[in-house]
Visitor: 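The structure under discussion is supplied below as structure tokens; questions concerning it will follow.
Because only heavy atoms are used, hydrogens play no part in the values below, and waters and symmetry mates are left out as well, while side chains stay in. For ligands, and for the atoms within them, numbers begin at 1 and follow the listed sequence.
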Amino acid sequence: MSRPDEYRRSKWTRDHASRLRRTPDTVAPIIYPPERAISEEYHLWDTWFLRERDGSIAEVDGYRVAFSLSASSSLLPGKRHDEARIRYFYSTDGREWTYGGPIFPEGEAFGSRQWAGSALLDDDGTVYAYYTAAGHRDEPELTYEQRICVGAGGTVSTDEHGLAIDGPWEQSVLFEPDGVRYQTQEQSNRQNGPIYTFRDPWFFEDPATGESYLLFEGNTPIDDPDPERTYNGCIGIARSETGDPTDWQPLDPILDAERVNQELERPHIVVRNGRYYLFTPSHLHTFAPGLSGFDALYGFVADSVFGPYEPLNETGLVVANPENAPFQAYSWLAFSHGDEILVTSFFNYFDLNGLSLDDVALLPEPEQFRRFGGTYAPTLRLQVGGDRTRIWGELDYGQIPLERESLTPPDHIRYRGSGGDGEDEDGNY
Ligand code: FRU
């Protein structure tokens, strides 16, 4: 296995990406508006779960906890990133979610707004809420600097009324781009390229070594004015030598997408059968000139956390929105459940009839509201074998089955009478 000081970052290449095509195994079923959104009061988008060190979803006295980026549902959907705050929801059955409250008291967290992160329930019961600080507190105008932060020291409690997460939190900025391994905003501005990224910390404990890591979305510094080269998304990694969840040293990126894609968002790893599946959602509009991809979940597989990673399904495509609903979901998050991998996301824009995400802002405001989901999408079921994946079914909107709940094969598989194990002729699944 590669040691952290020896690895060479893996590449998502133009050759991989130039072969991106939707396939029956990678296209998600169409999403229809749900009868009821998770919240009437808030738009909800990027979502993650309270997890244990080993990555499993925590169950506290029978409750599971979801954290979502949120903004008032009276806000124009396209403006939500400017006012994002993290709010939490809890559930006993993994279907009905009850609103708990904002994770941090007003004005306490870093940033003028908070973007995606992850949440660790440590073995001693302490909650570490990782997040991205976007901009700066109390700034007169919106700015876009991004820093990786944590609120440490929270506690979870339950009583007959439900679940609560409380502080006091110790807020700290964990690290910022150094300009050598990771591009700073200033370097990115000088290049005049697409908007820079440095965000979305995701806690991961390597089962092979017990070492703790934070993955995150970044860009690699590039000193080259070629417009193709300004697309420089990468998946960053930091290590905690002591295991202390507040003490991180950024290392070289584990994967980069130079000249391929600008944004490798919310990177996360699922370990199965000793293999490391690295997932990242990305957008159609962040592919470099000359390439065309999709708003989709992309993935890679390796034998260790440091790679070398190969793209899944040859190109990296794992879950694509359908061609006639290309922006219906985003911000996919994969996690293990029994023999399969489940993938959550949020219901994004629908009924766009050929409009792009940028065009949405040109629609009359009531239409912008009408065509935005802003709630949890149906959970997808994925089969994974080696470097192949296949969407084979879906669950309810925002459904997170309990760990002990075993899922029956999807209906179409049962009706087909394949025996339900989903295995193909090659025995891949
Ligand atoms: C993905 C994303 C994240 C970011 C958030 C901001 O949906 O771009 O990378 O943290 O949205 O709203």
Visitor: If you have a sec, work out which protein heavy atom is nearest atom 9 (O) of ligand 1 and how many Å separate them, to one decimal?
Guide: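 The closest one turns out to be Asp200 OD2, 2.5 Å.
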Visitor: Which ligand 1 atoms does Glu217 reach within 4.0 Å, using its non-hydrogen atoms?
Guide: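 Counting from 1, the qualifying ligand atoms are 9 (O).
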Visitor: Taking both backbone and side-chain atoms of Tyr330, is any N or O found less than 3.5 Å from an N or O belonging to ligand 1?
Guide: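 No; every N/O pair is 3.5 Å or more apart.
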Visitor: Would Glu265 count as a polar contact of ligand 1, with the cut-off being nitrogen or oxygen pairs under 3.5 Å?
Guide: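 Glu265 vs ligand 1: N/O contact under 3.5 Å present.
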Visitor: Taking distance alone, no hydrogens or angles, what donor-acceptor pairs closer than 3.5 Å link side-chain atoms of residues 165-177 to residues at least two apart or in another chain?
Guide:
from: Trp169; atom 1: NE1; to: Ile103; atom 2: O; distance (Å): 3.3
from: Gln171; atom 1: OE1; to: Tyr131; atom 2: OH; distance (Å): 2.6
from: Gln171; atom 1: NE2; to: Glu108; atom 2: OE2; distance (Å): 2.9

Visitor: Which of parallel (below 30°), tilted (30 to 60°) and perpendicular (above 60°) describes Phe369 and His43?
Guide: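 Parallel, since the angle between the ring planes stays under 30°.
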Visitor: Please list, chain by chain and in numerical order, all residues satisfying ring-ring contact (aromatic ring centres under 6.0 Å, His included) with Tyr90, sequence neighbours excluded.
Guide: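 ring-ring contact (aromatic ring centres under 6.0 Å, His included) check on Tyr90 returns Tyr63.
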Visitor: Check the pair Thr286, Asn261 against side chain to side chain donor-acceptor pair (under 3.5 Å), reporting the backbone distance first and the verdict last.
Guide: CA-CA 5 Å; Thr286 54; Asn261 196 306; 2.9 Å; yes
Visitor: Could you check whether any side-chain N or O of Ser56 sits under 3.5 Å from a backbone N or O of Glu52, counting only pairs where one atom can act as donor and the other as acceptor?
Guide: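 Side chain of Ser56 to backbone of Glu52: no pair is present.
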Visitor: How far is atom 12 (O) of ligand 1 from its nearest protein heavy atom, and which residue and atom is that?
Guide: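 In this structure, atom 12 (O) of ligand 1 has His81 ND1, 2.6 Å as its nearest protein heavy atom.
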Visitor: Is the Tyr7 to Phe306 ring centre distance short of 6.0 Å?
Guide: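 So the answer is yes for these two rings.
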Visitor: Would Ala116 count as being in polar contact with ligand 1, using the rule that some N or O on each side must be under 3.5 angstrom apart?
Guide: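 Such a contact does occur with ligand 1.
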Visitor: Quick check on contacts: which atoms of ligand 1 are under 4.0 angstrom from a heavy atom of Leu69?
Guide: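 Under 4.0 Å from Leu69, ligand 1 has these atoms: 5 (C), 6 (C), 12 (O).
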Visitor: So, 4.0 Å and heavy atoms of Thr132: is ligand 1 close enough to count as a contact?
Guide: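 Checking ligand 1 against Thr132, which is what was asked, there is no heavy-atom contact under 4.0 Å.
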Visitor: So which heavy atom in the protein is nearest atom 1 (C) of ligand 1, and how far is it from that ligand atom?
Guide: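 In this structure, atom 1 (C) of ligand 1 has Asp46 OD2, 3.1 Å as its nearest protein heavy atom.
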Visitor: Can you classify the ring geometry of Phe89 versus Tyr376 as parallel (below 30°), tilted (30 to 60°) or perpendicular (above 60°)?
Guide: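 The rings of Phe89 and Tyr376 stand perpendicular, inter-plane angle above 60°.
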Visitor: Examine ligand 1 and decide if any of its atoms is less than 4.0 Å from a heavy atom belonging to Ser331.
Guide: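 It does, in that a heavy atom of Ser331 comes within the 4.0 Å cut-off of ligand 1.
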